Structure formats: C-alpha cells, structure tokens
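Accompanying notes for the structure given below.
All figures in this text were calculated on a predicted structure; none of them were measured in a lab. Per chain, numbering begins at 1; letters A, B, ... match sequence-line order.
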2 protein chains.
Amino acid sequence: MLNYVSRNDSIREESQPVTPERETDRELSELERESVEYFVSFAQMMGFPKSIGQIYGLLFMSFEPIPVDVVIEKLGISKGSASQGLNLLRDLGAVKALHRDGDRRGFFQADFDVTRIVRHFLDEKLLPRLTNGEDRLARMQSIAKATGLENSVQEVAEVRLQALQKWQNRGRRLLPLIRRFFRL
Amino acid sequence: MLNYVSRNDSIREESQPVTPERETDRELSELERESVEYFVSFAQMMGFPKSIGQIYGLLFMSFEPIPVDVVIEKLGISKGSASQGLNLLRDLGAVKALHRDGDRRGFFQADFDVTRIVRHFLDEKLLPRLTNGEDRLARMQSIAKATGLENSVQEVAEVRLQALQKWQNRGRRLLPLIRRFFRL
DNA sequence: TCTAAAGTTCATTTCTATTTGAACATTCCG
DNA sequence: CGGAATGTTCAAATAGAAATGAACTTTAGA
C-alpha cells in the first residue's frame with residue numbers, strides 16, 4: 001500500500017532520510033496477503049492462472065496505482081508474468097493503466113467492479129462450452145437417426161440423447177438467469 | 001455397443017463361427033466417439049479429469065453393461081485409470097456396478113441422470129470455494145478494522161471489502177438458485 | 001542521435017495433475 | 001489348496017499449463 005515514488009537511485013546519493021524506503025514496502029502486508037490469496041482462489045475458479053489472481057489481489061488492496069516493478073517485487077513473480085498478466089487484466093477491463101508525469105513507468109489500478117471478469121468468464125469460458133455441447137449433441141442425434149443401426153439400438157440411443165438434451169437445455173437457460181442475477 | 005460375452009479363449013478352440021468377435025467391437029463407434037468427447041468436455045467443466053469423462057461417455061452410449069476390460073480396450077486407457085475412474089464414478093452415483101452369473105468380471109452401467117454429478121460439483125467444488133472466500137473476507141475485514149492502519153487507508157480498505165462482500169453474497173445466493181433451477 | 005529504462009515476446013524450464021504399469025491383494029473355481 | 005482372473009494401489013512417468021528469463025523492441029530524454 002502507499003506511495004510508490006520513482007526510485008532514481010542515481011540522484012539520491014545516500015543523503016537525506018527521505019521516506020527511507022522501508023523494507024516492508026517491498027513486502028506484502030497482512031491485508032495484501034489475504035487479498036492475494038482470495039483472488040488467487042477466485043481466479044482459479046474462473047479458470048485463470050494463479051498469477052492473474054495474485055496481481056489483481058495486490059492491486060485490489062492497493063491504496064494507489066502501482067508500477068510494474070513494484071508488482072514484480074511484492075509478488076516475487078517474473079517480468080514476463082507481470083507484463084502478460086497485467087495486459088490480460090487490462091484487456092478484461094479488470095485493471096486500468098495510467099501514467100504519471102515525470103515517470104516513464106506505467107501504473108496500474110484495479111477496477112473494483114468484478115463484473116467484467118465474471119462476464120468474460122460467462123462469454124468466453126461457459127458459453128463456448130455450452131455451444132460446443134449443443135453441436136456435439138446435434139451431431140449425435142443425426143447419427144442416431146441415420147440408417148445403419150439396429151432398431152432397438154437406435155431407439156435406446158434416441159431416448160438417452162433426449163434425456164441429455166433436457167440437461168443441455170437447462171444449462172442453456174441457466175446462463176441468462178445468471179446474467180440477470182448478477183445484473184450483467 | 002452390443003454384447004460383451006466373457007471371452008474364455010481356452011474353451012473356444014478355433015471352432016464355431018460364434019459371433020466372430022468383430023474387431024469393431026473393440027473400437028469406438030461414431031456415436032460412442034461423440035459421446036466420449038461430449039462428456040470429456042463436460043467432465044472438464046466440472047473439474048474432473050479427462051478419463052472420467054471418457055469412461056462415462058462410453059457407458060452413457062452403451063446399450064448394455066460393460067466389463068472393465070472392455071472399457072480399457074475401447075478407450076485405450078490403463079487398468080489403473082479404469083479402476084480408479086469407475087470407482088469414482090460409482091461413488092458419485094453416476095455409474096452402477098453389477099455382476100452377471102457365470103462371469104467373474106464386474107460390469108458397469110451409466111446412471112443416465114446427471115443430477116448426482118452436478119450436485120457433487122456444487123457441494124464439493126463450488127460450495128467449499130464460496131465458504132473459503134467468506135472466511136478470508138471475514139479475516140480481511142477484521143484486519144482492516146484492527147488498529148495499526150492509517151485512518152485513510154483503513155477507510156479505503158473497508159469500502160473495498162464492502163464491495164467485495166456484495167459480490168460474495170451474490171455468489172452465495174446464486175447457489176440455492178441453481179439448485180432450485182436444476183431441481184436438486 | 002544515443003543510451004538506458006521500460007516493456008514485450010517466446011523458447012525453455014518448472015510445476016502440477018493425470019496416467020501408467022507393475023507389484024500386490026483378492027476371489028473364484030477346478 | 002493352487003493358480004488364473006480380476007481388481008487395487010501407488011511410485012514413477014507423462015503431458016499439459018504456467019512461469020521464467022534472456023533477447024529483443026520501444027520509448028524518453030540527455
């Protein structure tokens with residue numbers, strides 16, 4: 001949390017005790033640690049990698065925007081993970097990129113509304129699976145109807161596919177229900 | 001599909017043309033292949049390993065109960081996977097174990113009602129995560145209230161945690177909604 | 001223009017979940 | 001019993017996902 005000033009190591013030559021850059025600023029506070037764990041679990045539920053949850057969890061509990069290098073140090077993750085993770089989060093709209101005058105680094109701030117993340121999950125993860133299931137089911141139904149199967153077998157297959165269809169339909173109808181429920 | 005007779009290789013000495021054990025019986029029919037893929041996808045959505053989906057998919061489209069060795073041959077999976085997978089499915093109630101007189105092998109049959117699988121998902125996968133989230137959130141709230149934080153920081157933290165609480169609550173209320181929707 | 005900081009990319013490594021298969025246990029039947 | 005068929009277990013192999021980090025590109029400002 002708090003204040004991440006650009007560290008122009010070159011200028012400050014072991015002089016003033018200017019906000020002496022306490023070691024703890026580079027470590028997670030108890031609150032940050034809990035937030036990180038909370039969102040790691042959440043991210044995994046949504047099918048995102050751990051690092052995404054870590055980054056969002058950190059930003060969520062950060063009092064002000066954080067530059068990438070601080071994200072890296074605090075979470076102990078690599079430059080690559082941080083860069084990719086932040087870009088993904090930005091694309092999801094879960095995180096906003098800002099910049100500050102006199103600082104070349106990009107800063108990031110969490111969007112505290114998880115709406116976009118949930119919507120992305122529904123649209124990009126759940127919906128495709130549902131659709132995929134519908135396609136496959138339709139294909140099975142046409143195979144079952146096609147000639148070439150014993151009558152008894154065909155009948156059994158059709159009964160089962162019908163039962164499956166019922167569930168598939170329920171799943172499909174659940175989606176808008178969830179959307180309405182979460183108002184998104 | 002069809003007829004899996006105990007193969008007592010010892011007795012049938014290259015004599016009668018008794019249901020000549022066509023090669024195709026050991027391979028997946030088109031319908032079975034689709035069913036397997038369908039349930040592999042479904043299983044993965046529910047957080048189960050692929051093999052669970054394969055096995056269930058095969059049994060779902062099988063006209064009659066199948067013995068373990070046929071599951072192994074048709075799916076090309078190992079004895080271990082088949083054994084463990086079938087036991088898990090049996091524990092979930094997704095599959096029923098039977099035995100046939102004059103055959104030492106155990107036979108398995110799919111329960112065509114996916115209710116149990118979905119219920120297991122809700123109870124064992126979703127609910128624990130929700131509860132875990134609630135615990136962590138409560139912990140964060142008590143940390144935030146505790147002394148030791150700047151007033152401004154504390155206030156910001158509390159506002160954010162409140163927003164999070166709102167989502168956590170929604171998630172919690174969604175669960176019974178889903179249950180009602182699926183009638184389980 | 002040149003340099004160093006910042007950021008990106010992606011082949012390689014690391015980590016984790018799943019599967020395998022061989023050893024072991026059990027059961028059925030001669 | 002004896003032993004073959006069946007089923008279980010779990011250490012080790014494998015595959016797939018994610019993270020790393022070094023090479024590369026871009027940018028700012030001296």
With sequence neighbours excluded, tell me which residues meet ring pair (Phe, Tyr, Trp, His ring centres under 6.0 Å) with A/Tyr38.
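Per chain and number, A/Tyr38 pairs via ring pair (Phe, Tyr, Trp, His ring centres under 6.0 Å) with no residue.
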According to ring pair (Phe, Tyr, Trp, His ring centres under 6.0 Å), who are the partners of B/Phe48, at least two apart in sequence or on a separate chain?
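Once residues adjacent in sequence are excluded, the partners of B/Phe48 under the ring pair (Phe, Tyr, Trp, His ring centres under 6.0 Å) criterion are B/His120.
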Nucleic acid contacts of residues 81-93 of chain A, taken as heavy-atom distances under 4.0 Å to DNA chain C
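Residues of residues 81-93 of chain A under 4.0 Å from DNA chain C: A/Ser83, A/Gln84, A/Asn87.
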Donor-acceptor contacts under 3.5 Å from residues 171-179 of chain B side chains, at least two apart:
from	atom 1	to	atom 2	distance (Å)
B/Arg172	NE	B/Glu134	OE2	2.8
B/Arg172	NH2	B/Glu134	OE1	2.9
B/Arg172	NH2	B/Glu134	OE2	3.3
B/Arg179	NH1	B/Asp123	OD1	3.1
B/Arg179	NH2	B/Asp123	OD1	2.9

Checking [X] now: which residues fulfil side-chain hydrogen bond (donor to acceptor under 3.5 Å, both in side chains) with it, not counting sequence neighbours?
| X | result |
| --- | --- |
| B/Thr115 | B/Asp113 |
| B/Gln84 | none |
| A/Arg33 | none |

For B/Leu75 and C/dT19, what is the distance between atoms CG and C1' respectively, to the nearest whole Å?
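Distance check: B/Leu75 CG to C/dT19 C1' gives 13 Å.
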Let me know the distance between CD of A/Gln44 and C1' of D/dA19, rounded to the nearest Å.
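After rounding, the reported distance stands at 14 Å.
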Are any protein N/O atoms closer than 3.5 Å to N/O atoms in nucleotides 24-27 of chain C? If there are, list each pair with its distance.
from	atom 1	to	atom 2	distance (Å)
C/dT27	O2	B/Arg104	NH2	2.3

Is B/Ser51 near enough to C/dT18 that one of its side-chain N or O atoms lies under 4.0 angstrom from OP1 or OP2?
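Looking at the OP1 and OP2 atoms of C/dT18, neither is under 4.0 Å from any side-chain N or O of B/Ser51.
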Taking the minimum atom-to-atom distance to the side chain of A/Pro49, which one of C/dT18, C/dG7, D/dA19 wins?
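Closest of the options to the side chain of A/Pro49: D/dA19.
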With rounding to the nearest 0.5 angstrom, report the CD to CG distance, A/Gln154 to A/Leu161.
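So the gap between those two atoms works out to 10.5 Å.
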Find which nucleotide of DNA chain C each of A/Gly106 and A/Lys50 is nearest to by heavy atoms, and output the residue with the more 5' nucleotide.
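Result: A/Gly106.
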Pairing residues for A/Arg160 by the side-chain contact (heavy atoms from CB on, under 4.5 Å) criterion, not counting sequence neighbours:
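By the side-chain contact (heavy atoms from CB on, under 4.5 Å) rule, A/Arg160 matches A/Val156, B/Phe60, B/Phe112.
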